[in-house]
There are 2 protein chains.
Amino acid sequence: MATIKDIASYCNVAVSTVSRVLNNHPDVSADTREKVLEAARRLHYVPNNSARDLALQQTDSIGLVVRGAENPFFMPIIRAVEKSCEEKGYTMVLHQISADADEVEEGARLVTSKRLKGLILLGGRYDYTHEDASAFGAPFVCCTYTNHFGDLDLDAYSSVSIDDKAEACRAVKMLIDKGHTKIAILLDAARDRSVSERRFRGYCEALAEAGIPLDEGLVCETVDDDMESALERIESLIVERPDITAIFAITDTLAIAAMKAVDNAGRSIPSDISIISIGGIAMSLCTTPTLTTLAQPQALIGEKAVEILVDVLEKAAPNSHIRLETTLRPGGTVGQVHSGDLA
Amino acid sequence: MATIKDIASYCNVAVSTVSRVLNNHPDVSADTREKVLEAARRLHYVPNNSARDLALQQTDSIGLVVRGAENPFFMPIIRAVEKSCEEKGYTMVLHQISADADEVEEGARLVTSKRLKGLILLGGRYDYTHEDASAFGAPFVCCTYTNHFGDLDLDAYSSVSIDDKAEACRAVKMLIDKGHTKIAILLDAARDRSVSERRFRGYCEALAEAGIPLDEGLVCETVDDDMESALERIESLIVERPDITAIFAITDTLAIAAMKAVDNAGRSIPSDISIISIGGIAMSLCTTPTLTTLAQPQALIGEKAVEILVDVLEKAAPNSHIRLETTLRPGGTVGQVHSGDLA
DNA sequence: AACGTTACTGGAAACGTTTCCAAAAATATG
DNA sequence: CATATTTTTGGAAACGTTTCCAGTAACGTT
């Protein structure tokens, strides 16, 4: 493995000169530059990142902390993050955390132990503070809607996300427009300060606008990272509340579990029960009937997250918050409310 | 950020002593050890990996190269790999490659540029050579069945996998036992030298044993990383060959696409067409009917892969090949062949 | 021709570890 | 108690970069 020193002695120049060439520093003559590059090629020089990082007191690693990565929804995002990192010369370090882990604590540990330059958070909260930001000790981007909250420290970090509340509201309204009033909502994990909570708010808003009172019995919380338990939980909801005519699932995964649960209960979709969700995973194209979902631009989320982070890192750009939109992917799971239920 | 030097001056000992304590070297007295550890705690010492790696001329990174990571099947494996790496003090570096990329080339590039200590391959070929192994420049474990081929260099690398051929044979036999003879097979990507090919061989073997001739018209190759095109491809198969009564899909994802295709064609499962696959993804519990599949021990694959690799790395253990078994997850997609089709 | 610029280059220190070797201290042996 | 042995410690070099500072060379300007 050739080193800079090897190149230097090979070319009869100083180590510092070689380093300058390799880093495209301006103060070096054209012919020595050529000579050095030629030698580097000839000797198959590969830079030693450890040494570089040590000298520069840095790393080229960006951490991707994801909660609930078994959710297929995240995979395209992870892929996009990795690809974008690669393109910009960074290394993505993936770290999955369990549902009940504290992402700030884990993230902070990661940043110091792996000397990460920045962090991207998937599936975390929406309300980080300056305190959290300084706990991390590195800039971070969270992929959860964070804007428009008066009490948040929006300049402490960046975010890339859809407007969870608005999109949820949109989804539920589509059900209401079809005449549904008994609309259940499927939430994952703790509702508190998460995507779950924002979408729940959207659900509430849509109901409120339509003058439908919130029925706590229609609110169903499950644990997302376990399909079986989710299924169980939804099944009992459907049995307990036979008056349900529609379900809004906050993720495709939950929607798919719900479809199964509905089927298990001997009801059919969409004639008995309509289902809509937010997500856009590939698998939802293959349910029967095809799942009606508000599809998020998954790859774009990943790309934008890296873009923002790198700007903050390299250009000292201010933190920013990007809002993306979903696109309705019409399927066959939403129908007019059954006439018998209207009575 | 406290360094070893800080600890040394704080304790009035030499830098080398501190290093020894931190690395659990034996030659250090109990009380200095205690004193140093106390100081380390007090000063919030975090080791600098770059420096460590530089001195040791190594990295603690293990590369996970995965082809087709959009397949939800891989996610639990990825997670297990990350977890195991963490536990053993390594960092997993995930790298996704496209369907047509050469994993040896990509892997080799990765090993030098990121100075990886070892490699784990997901979704690659089954027939690596000594040449490939030395191209990598680091030990590697592939998660594809590799054993029992006379012409392979089995001591050049390790593997962890189910016996693809045997398991495929088992699956197809289950269909044959139900009276099916017109059994289609769904393969992803290029059949050549991949999991796909091994499972195809199992399919052939089962047919041969039952005296059923291979019908090339029942062999359907798709591209796995695109649900839509897979769906399309399978739909036309079903239309072209209305005599099909059963489908063996080599992955759950393909099976789910097939279920949709069958439904689109107005046929029903399992009364018209039976489906079985190899996989075990969580989502397959939520299809209607529930997918009958031979479930792989996903987490175990990841754990074992890391275990083997670390043994090779740390204890210079010889390369080894681990075979795991699937467990039948009975669903509702396999039924007796329809009497009308028996004629 | 002397000088001041500018363009380029080399030397050396620094980054935070590990590890070899030698020295010092502690302990055992006669 | 002197010596031999073992245990524990310190000093210094090394890992491969980057970068600051000083120095040389080339060049134009008066």
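What you see below is based on every heavy atom in this structure, not just the backbone, and it leaves out hydrogens, waters and symmetry mates. Each chain gets a letter, A, B and so on, in the order its sequence line appears, and its residues count up from 1.
- Of the residues in residues 7-30 of chain A, those lying under 4.0 Å from DNA chain D by heavy-atom distance are Val15(A), Ser16(A), Ser19(A), Arg20(A), Asn23(A), His25(A).
- What you find for Ser98(A) and Arg67(A) is that their closest heavy atoms are O-NE, 3.7 Å.
- DNA chain D is contacted by both Thr3(A) and Asp31(B); Asp31(B) maps to the nucleotide lying nearer its 5′ end (nearest heavy atom per residue).
- As judged by a 4.0 angstrom heavy-atom cut-off over every strand, Leu54(A) is placed among the base-contacting residues.
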Which pairs would a plain distance check flag for residues 82-90 of chain A, meaning a side-chain donor or acceptor within less than 3.5 Å of a matching protein atom at least two apart in sequence or in another chain?
residue	atom	partner	partner atom	Å
Glu82(A)	OE1	Gln96(B)	N	2.9
Glu82(A)	OE2	His95(B)	ND1	2.9
Glu82(A)	OE2	Gln96(B)	N	3.4
Ser84(A)	OG	Ala80(A)	O	3.0
Tyr90(A)	OH	Glu314(A)	OE2	2.6

Quiz: residues 12-22 of chain A side-chain donor-acceptor pairs under 3.5 angstrom, not counting sequence neighbours:
none

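- Arg79(A) places no side-chain N or O within 3.5 Å of a backbone atom of Glu70(B) that could act as its donor or acceptor partner.
- Note that the two end axes of the helix from dA1(C)-dT30(D) to dG30(C)-dC1(D) enclose an angle of 50°, each drawn from 5 base pairs, rounded to 10 degrees.
- Residue Lys35(A) qualifies as enclosed at atom NZ: its count of foreign heavy atoms under 6.0 Å is above 12.
- Contacts classified as salt bridge (charged side-chain N to carboxylate O under 4.0 Å, His left out) and involving residues 129-143 of chain B (residues at least two apart or in different chains) are given here: Arg125(B)-Asp132(B).
- Side chain of Thr144(A) to backbone of Tyr126(A): no donor-acceptor contact under 3.5 angstrom is found.
- Other residues, nucleotides and ligands contribute at most 12 non-hydrogen atoms within 6.0 Å of the NZ atom of Lys304(B).
- Here the two rings, on Tyr157(B) and Tyr128(B), have centers that are under 6.0 Å apart.
- The residue Ser50(B) sits apart from the nucleic acid: no heavy atom pair falls under 4.0 Å.
- Bracketed by its first and final contacts, the part of DNA chain C lying under 4.0 Å from non-hydrogen atoms of chain B reaches from dG16(C) to dC20(C) in 5' to 3' order.
- Between Thr32(B) and Pro47(A), the residue anchored closer to the 5' end of DNA chain D is Thr32(B), taking for each the nucleotide with the nearest heavy atom.
- Around CZ of Arg42(A), the count of heavy atoms belonging to other residues, nucleotides or ligands within 6.0 Å does not exceed 12.
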